[in-house]
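Have a look at the structure below before the remarks.
Computation of the quantities below employed the complete heavy-atom set of this structure, encompassing side-chain atoms and omitting hydrogens, waters and symmetry-equivalent molecules. Keep in mind that what you see is a predicted model, and the values were worked out from it rather than measured.
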Amino acid sequence: MGKHSDESWKEDQVIIQLSHSVDNADEAVGRARTNPTEERMNEAFEKIEKAERSCTNAIQSRGNSKPVLELQARLTESKDKLNQLH
């Protein structure tokens, strides 16, 4: 197995960061849906905004690759679920 190039490693890191951001947004939305307090709603909106920034960075870095598009779709689902509460 060959070594990752620096560019490949950076691209992998972008996807990992995006994945973590989307996971955090999913969890925050789940908490807001379970207990829709203002604090939890605000936390979920903040996590979604952070994940959206990560998504923008990933698209700039990787383009519309399959992993980016899949994570973007998950983020859209979380956002839709949160908006149903609002």
Side-chain angles (χ1 to χ4, degrees):
M1 185 167 175
K3 290 184 178 180
H4 274 129
S5 68
D6 284 344
E7 193 65 30
S8 174
W9 182 83
K10 287 177 186 175
E11 289 176 358
D12 290 345
Q13 288 300 109
V14 167
I15 296 298
I16 291 167
Q17 180 181 357
L18 175 57
S19 179
H20 287 302
S21 290
V22 171
D23 288 345
N24 289 338
D26 285 344
E27 290 171 11
V29 169
R31 287 190 296 273
R33 291 182 69 181
T34 302
N35 185 10
T37 63
E38 185 176 343
E39 181 180 337
R40 290 198 180 204
M41 298 286 286
N42 287 338
E43 178 189 8
F45 280 117
E46 289 173 12
K47 299 288 184 179
I48 285 175
E49 286 177 8
K50 182 176 181 183
E52 286 176 332
R53 287 191 300 273
S54 292
C55 192
T56 299
N57 291 340
I59 290 170
Q60 289 173 350
S61 173
R62 298 282 308 258
N64 287 324
S65 66
K66 185 177 179 181
V68 172
L69 293 175
E70 288 172 352
L71 290 165
Q72 188 176 31
R74 272 186 51 208
L75 179 58
T76 299
E77 287 177 26
S78 290
K79 193 173 179 179
D80 290 344
K81 288 177 184 174
L82 184 60
N83 285 330
Q84 290 172 0
L85 294 175
H86 211 266

Under a 4.5 Å cut-off applied to non-hydrogen side-chain atoms, are [X] and [Y] in contact?
X	Y	result
E70	K66	yes
L85	M41	yes
E52	T56	no
L71	C55	no

With rounding to the nearest 0.5 Å, note down the distance linking [atom1] in [X] to [atom2] in [Y].
X	Y	atom1	atom2	answer
R33	Q84	CZ	CD	6.5 Å
L18	S54	CG	OG	6.0 Å
T37	R31	OG1	CZ	10.5 Å
D26	E77	CG	CD	8.5 Å
R40	E43	CZ	CD	7.5 Å

So which heavy atom on [X] is nearest to which on [Y], and how close?
X	Y	result
A51	A25	CB-CB, 4.3 Å
R62	V68	CB-CG2, 4.1 Å
V14	A58	CG1-CA, 3.3 Å
I48	K79	CD1-CA, 3.7 Å

Is it the case that the side chain of S19 and the backbone of I15 share a donor-acceptor pair, with hydrogens and angles ignored and the cut-off at 3.5 Å?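 A pair under 3.5 Å: no.
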Is it true that L69 and I16 fall in one hydrophobic cluster, defined by side-chain heavy atoms closer than 4.5 Å?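 Unlinked, L69 and I16 end up in two clusters.
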